[in-house]
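Beneath this line is the structure, given in structure tokens, with notes to follow.
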There are 2 protein chains.
Amino acid sequence: MQQPQKKYRVGVEVTLDVIGGKWKSVILYHLVEGKKRFNELRRLIPNISHKMLTQQLRELERDGIVLRRDYEEVPPKVEYELSEYGGGLIGVLDFFCHWGEAHLDRVYGDKSLMLEENFGGSGAEEGSE
Amino acid sequence: MQQPQKKYRVGVEVTLDVIGGKWKSVILYHLVEGKKRFNELRRLIPNISHKMLTQQLRELERDGIVLRRDYEEVPPKVEYELSEYGGGLIGVLDFFCHWGEAHLDRVYGDKSLMLEENFGGSGAEEGSE
DNA sequence: CTGCATCCCCGATGATACTG
DNA sequence: CAGTATCATCGGGGATGCAG
């Protein structure tokens, strides 16, 4: 979805470009729960790199899916949230989550075996607010 | 979705692995219309390479999304179609198509400018049948 | 804390050739 | 016509460093 010159043959391709990246929908999935700060998202998606998160957020922002609010303070504080337009994708994200779990269940018989355990259960929360 | 060892954090990731590839959903989109032969799909998706189509179809088949029927004749004749299980994705595929077109409209004001024109209009059809 | 640029590697993808 | 294998390439994405 970078260059307006890009041509598509079917609407499906467009949608995949917007939310189909390796991380896009995972980011959106977490934003459905509410506003999230940059590092908050990094903790929620431990496998994503700093660079990727920035990049994907930029694209989602450019496409109008998420809103970026910069509090312009020091230290920097930025929050990301689903835009109203992006809210139209919640239904699909929910379906994805549900379908994916059911698929694991169908294929392996026990989805719980496939989902990684929680990573930050050690109470490393920071109450900077 | 190759190795059963792969771990996921959220169902969303699973779904994206199954239908989120660059071509998966486009292939499925065309299969919604009905059975399609291999080269028929190649014509419908002119930008996909022979190898990619084969590979993606194999994965979709392995995941139970599409059914492969080999007529075992010469010349070879193979048809692909959406499985009953894969049919559960039609709703999403339809949504993707619709949402994608609306998105182009929203972003550029005229989606028709973005969709490539049909590719085989030069009458180069071969009536081998 | 958040963001941007650079370098670099590896895997995804395409081109080609060969088989049934 | 359909499938497989091999090789070359391109770009996605990770690691790192610097800036505000």
Side-chain angles (χ1 to χ4, degrees), chain A residues 1-3 6 13 16-27 30-31 35-62 66-81 120 124-129, chain B residues 1-3 5-6 13 16-27 30-31 35-62 66-81 124-129:
Chain A
M1 283 298 288
Q2 272 68 263
Q3 335 74 0
K6 178 162 185 178
E13 296 179 48
L16 261 292
D17 259 8
V18 176
I19 67 170
K22 187 179 180 182
W23 298 111
K24 296 271 185 70
S25 54
V26 178
I27 294 172
H30 288 296
L31 288 181
K35 296 182 180 181
K36 292 284 185 299
R37 295 187 55 172
F38 186 84
N39 277 349
E40 204 169 350
L41 286 171
R42 290 199 66 186
R43 283 194 298 275
L44 290 169
I45 317 172
N47 291 325
I48 198 173
S49 68
H50 184 136
K51 176 187 170 182
M52 271 299 100
L53 182 54
T54 301
Q55 184 174 306
Q56 304 291 292
L57 283 171
R58 285 291 165 285
E59 295 182 13
L60 289 171
E61 186 191 354
R62 183 171 40 68
V66 307
L67 297 178
R68 175 179 185 272
R69 174 164 185 192
D70 189 339
Y71 286 83
E72 298 185 359
E73 359 176 292
V74 321
K77 176 179 179 181
V78 180
E79 285 183 338
Y80 295 91
E81 65 180 315
E125 300 300 324
E126 41 79 56
S128 62
E129 186 55 24
Chain B
M1 283 296 290
Q2 273 67 264
Q3 335 75 4
Q5 299 75 23
K6 177 160 187 179
E13 296 178 48
L16 261 293
D17 260 7
V18 177
I19 66 169
K22 188 179 179 182
W23 298 111
K24 297 270 184 71
S25 55
V26 177
I27 294 172
H30 287 296
L31 288 181
K35 296 181 180 181
K36 292 284 185 298
R37 296 186 57 170
F38 186 84
N39 277 348
E40 203 169 353
L41 285 170
R42 291 197 66 187
R43 282 194 297 274
L44 290 169
I45 316 172
N47 292 323
I48 198 173
S49 67
H50 183 136
K51 175 185 170 185
M52 271 300 100
L53 181 54
T54 301
Q55 185 174 305
Q56 304 291 293
L57 283 170
R58 286 289 167 283
E59 295 181 14
L60 289 170
E61 185 189 356
R62 184 172 38 69
V66 306
L67 298 178
R68 174 180 186 273
R69 175 162 185 195
D70 189 340
Y71 287 83
E72 298 185 359
E73 359 177 293
V74 323
K77 175 179 177 180
V78 180
E79 285 182 337
Y80 294 91
E81 64 181 316
E125 300 299 324
E126 37 76 62
S128 63
E129 186 55 22

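Within every chain, numbering begins at 1; the chains are lettered A, B, ... in the order of the sequence lines, protein sequences first and strands thereafter.
- Scanning for ring-ring contact (aromatic ring centres under 6.0 Å, His included) contacts around A/Y80 gives an empty result, with sequence neighbours left out.
- The side-chain hydrogen bond (donor to acceptor under 3.5 Å, both in side chains) search around B/E81 returns none, not counting sequence neighbours.
- Distance B/E59 CD to C/dG11 P: 16 Å, rounded to the nearest Å.
- Residues that satisfy the side-chain hydrogen bond (donor to acceptor under 3.5 Å, both in side chains) test with A/E61, not counting sequence neighbours, are absent from this structure.
- Nearest nucleotide to the B/M52 side chain, out of C/dT2, D/dG13, C/dG14: C/dG14.
- D/dG14 atom C1' lies 14 Å from atom CG of A/L53, rounded to whole Å.
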*Using a cut-off of 4.0 Å between protein heavy atoms and nucleotide atoms, how would you tag nucleotides 5-10 of chain C 5' to 3' with B, S and -?*
-B----
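- B/R42 places its CZ atom 11 Å from the P atom of C/dG14, with the value rounded to the nearest Å.
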Could you write out each protein N or O paired with an N or O of nucleotides 17-20 of chain C at a distance under 3.5 Å?
none

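- The two atoms that bring A/E40 and A/R37 nearest to each other are OE1-N, 2.9 Å, heavy atoms only.
- Remark: B/R58 CZ is packed, more than 12 non-hydrogen atoms of other residues, nucleotides or ligands lying under 6.0 Å away.
- A/Y80 has a side-chain polar atom (N or O) that falls below the 4.0 Å cut-off from OP1 or OP2 of C/dG3.
- Just one of A/H50, A/E79, A/R68 meets the side chain to side chain contact (heavy atoms under 4.5 Å, CB included) condition when paired with A/F38; it is A/H50.
- Taking the C1' atoms of five terminal pairs at each end of the helix from C/dC1-D/dG20 to C/dG20-D/dC1, the two resulting helix axes are inclined by 40°, rounded to 10°.
- Atom-to-atom, CZ of A/R58 to C1' of D/dG12 comes out at 18 Å; the value is rounded to the nearest Å.
- B/R62 places its CZ atom 16 Å from the P atom of D/dG3, with the value rounded to the nearest Å.
- Here B/R68 does not reach the OP1 or OP2 of D/dA2: none of its side-chain N or O atoms lies under 4.0 Å away.
- Considering NZ of B/K22 and CG of A/D17, their distance stands at 9.0 Å, rounded to 0.5 Å.
- Looking at which nucleotide of DNA chain C each of A/T54 and B/K22 is closest to, the 5′-most match is held by A/T54.
- Checked against D/dG14, D/dC1, C/dT2, the side chain of B/R37 finds its nearest nucleotide in D/dC1.
- Nucleic acid contact class of A/Y71 (heavy atoms, under 4.0 Å, all strands): none.
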